[in-house]
Number of protein chains: 2
Amino acid sequence: MPRHNRDDRSTTRAIKNLILERGLRPGDPIPTEAELVEEIGVSRSSIREAVRTLVALDILQVRHGTGTFVGGLSLSPLVEGMVFRGVLMPGKNHQALRDVVELRRCLDLALEEQIVDALHGKDPSTLRTEVDAMLECAHRGDPITTHDRRFHLLLSECVDNQFYAQLVAAFWDIHQLVAPQLGVASTSDLQASARAHAGLLEAAVAGDSQRYREAIAAHYEPILRSLEAHSRA
Amino acid sequence: MPRHNRDDRSTTRAIKNLILERGLRPGDPIPTEAELVEEIGVSRSSIREAVRTLVALDILQVRHGTGTFVGGLSLSPLVEGMVFRGVLMPGKNHQALRDVVELRRCLDLALEEQIVDALHGKDPSTLRTEVDAMLECAHRGDPITTHDRRFHLLLSECVDNQFYAQLVAAFWDIHQLVAPQLGVASTSDLQASARAHAGLLEAAVAGDSQRYREAIAAHYEPILRSLEAHSRA
DNA sequence: GGTTATTTGTACGTATGTATG
DNA sequence: CCATACATACGTACAAATAAC
């Protein structure tokens, strides 16, 4: 009496259905592998392969020796895939990275109005803190990556769209993971970048849309220039 | 002499490195499982679990009885993850789907200039064909999904950004896969949607940015209205 | 068209590493 | 430190799909 599980798609479906039927939420534990074997009716190998698939999609998380849990449903698979694309296809001079940066810039411009509206006359201390830290780091020649990321994350939260915030984080991660191929940024680039972030915040709290759009251009100028330089090489 | 492969991360890395070192491209075959066992030095189970991970990310593709190949590096993992998010988190009235649609609209508006520039005075037959087919289908009350998708794909190719085109395709797929929860669209909605696409094309070939932006609004109006209706329910 | 070799899919058993109490 | 529960890894055998002869 052979089974007809063509591939692991049916097993992954079964696990996803199990999550839905029981109303599990991110962080909740799912049955152990042995229990899944019984409930779904396939071998342990198949369960494990299906779990791998769902872990890759951040639908599940596995803690060795502890158990398996519902994942964060983040955009991490997007990041991993795009990073690999970036290193696999360096053709046409980092076209993949350029595409990501261009799209980041487009989205920033498209949501300028919402962000300026949200920040006009506010000057939240969280954003200010990150900007000050960036200026300080750049002055010392230290990398500003952690503050840079937090700044953009905080900024993205001004828009009432969780998907947008996740995309911003994903784009930032992709950029950061692929950028090392371009070589390290100079101290002057660091300082210019820090000042660009300061300019973004200033313009937003001032409610100056025009200046905010110019600050976006200033923010991406060193990155795109670096990409241009590598295009000619 | 125990091995120190902590998890499948090292095995997936090994396979990815293999692809990079040999300069393989999407569609190229990679070694068989048995060969990978020898070359990487882990068991077949581990190889298979790593392959599952990479298949989920569309870095690999497996054909039963034939072999394993480099995948299309598409955004399919983004689609699968977001779709599951949409069905798992119906809270706040389809917030996830609304976020995706809103972002689609933002991107369309942000790239309006590039698309209008590319199409001004052109009126390409490929786009015209899809629009005519949509109008015809809507008139008969048939779904316009396939032509709708092709139209947006063709439109996205006017922008010189492969990532944008992939995102458009992914957003469309997410929308299409989650939307059935909202119930079927009426015939009048279908016809309105078909006319909206026609309006997009007309405005673009006329080089009329203002009208194009209005057409974008008309395009998303029925969708957002449907989402609103379900929010109040 | 049928046979066979190749390759992936499934199942099972066993031993080991890891976290919890 | 020990015992328990769980995930990790390995090896083997067989089933199913595909391709080539």
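Proteins get letters first, then strands, A, B, ... in listed order; numbering begins at 1 in each. Computation of the quantities below employed the complete heavy-atom set of this structure, encompassing side-chain atoms and omitting hydrogens, waters and symmetry-equivalent molecules. Here the structure is a predicted model, which means the values were calculated and not measured.
- Inter-residue side-chain proximity for B/M89 and A/R25 is flagged as met; some heavy-atom pair is nearer than 4.5 Å.
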### Message
Let's go through B/E49 and B/R52 carefully: what are the C-alpha distance in whole Å and the side-chain angles of both, what is the deciding distance for salt bridge (charged side-chain N to carboxylate O under 4.0 Å, His left out) to 0.1 Å, and is it a yes or a no?
### Response
CA-CA 5 Å; B/E49 290 182 15; B/R52 285 300 174 209; over 6 Å; no
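- Counting to the nearest Å, the C1' atom of C/dT20 and the CZ atom of A/R63 are 12 Å from each other.
- Note on A/S46: every side-chain N or O is 4.0 Å or more away from OP1 and OP2 of C/dG9.
- In this structure, the CD atom of B/E38 is 12 Å from the P atom of C/dT7, given to the nearest Å.
- The closest side-chain heavy-atom distance from A/L103 to B/L107 is below 4.5 Å.
- Between the side chains of B/S43 and B/S46, at least one donor N or O lies within less than 3.5 Å of an accepting N or O.
- Atom CD1 of B/I40 and atom P of D/dA9 are 13 Å apart (whole Å).
- Under a cut-off of 6.0 angstrom, the local environment of CG in B/D28 is crowded, with over 12 non-hydrogen atoms contributed by other residues, nucleotides or ligands.
- Remark: nothing in residues 14-27 of chain B comes within less than 4.0 Å of DNA chain C through any heavy atom.
- Contact annotation: side chain of A/H64 to base of C/dT18, donor-acceptor pair absent below 3.5 Å.
- B/I30 has its CD1 atom 12 Å from the C1' atom of C/dT8, to the nearest Å.
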### Message
Does A/I30 form a side chain to side chain contact (heavy atoms under 4.5 Å, CB included) with A/L36? I'd like the steps, not just the answer.
### Response
CA-CA 9 Å; A/I30 72 164; A/L36 289 175; 4.1 Å; yes
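- The distance between the ring centers of A/H197 and A/H152 falls below 6.0 angstrom.
- Under the 6.0 Å cut-off for aromatic ring centres, B/Y164 and B/F171 do not qualify, their centroids lying 6.0 Å or more apart.
- Between the CZ atom of B/R48 and the C1' atom of D/dC10 there is a distance of 15 Å, rounded to whole Å.
- Residues A/T66 and B/P31 both approach DNA chain C. Their nearest nucleotides, taken by heavy-atom distance, put B/P31 toward the 5′ side.
- Atom CD of B/Q61 is separated from atom P of C/dT7 by 19 Å (rounded to the nearest Å).
- Rounded to an integer number of Å, the gap from A/I47 CD1 to D/dC6 P is 15 Å.
- Atom C1' of nucleotide C/dG9 and atom CZ of A/R9 are separated by 16 Å, given to the nearest angstrom.
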Show me the donor-acceptor pairs within less than 3.5 Å that the side chains of residues 132-139 of chain B make with the rest of the protein, sequence neighbours left out.
residue : atom : partner : partner atom : Å
B/E136  : OE2  : B/R140  : NH1          : 3.1

Any protein N or O atoms within reach of nucleotides 12-15 of chain C? Criterion: under 3.5 Å, listing atom names and distances.
residue : atom : partner : partner atom : Å
C/dC12  : N4   : A/S45   : OG           : 3.1

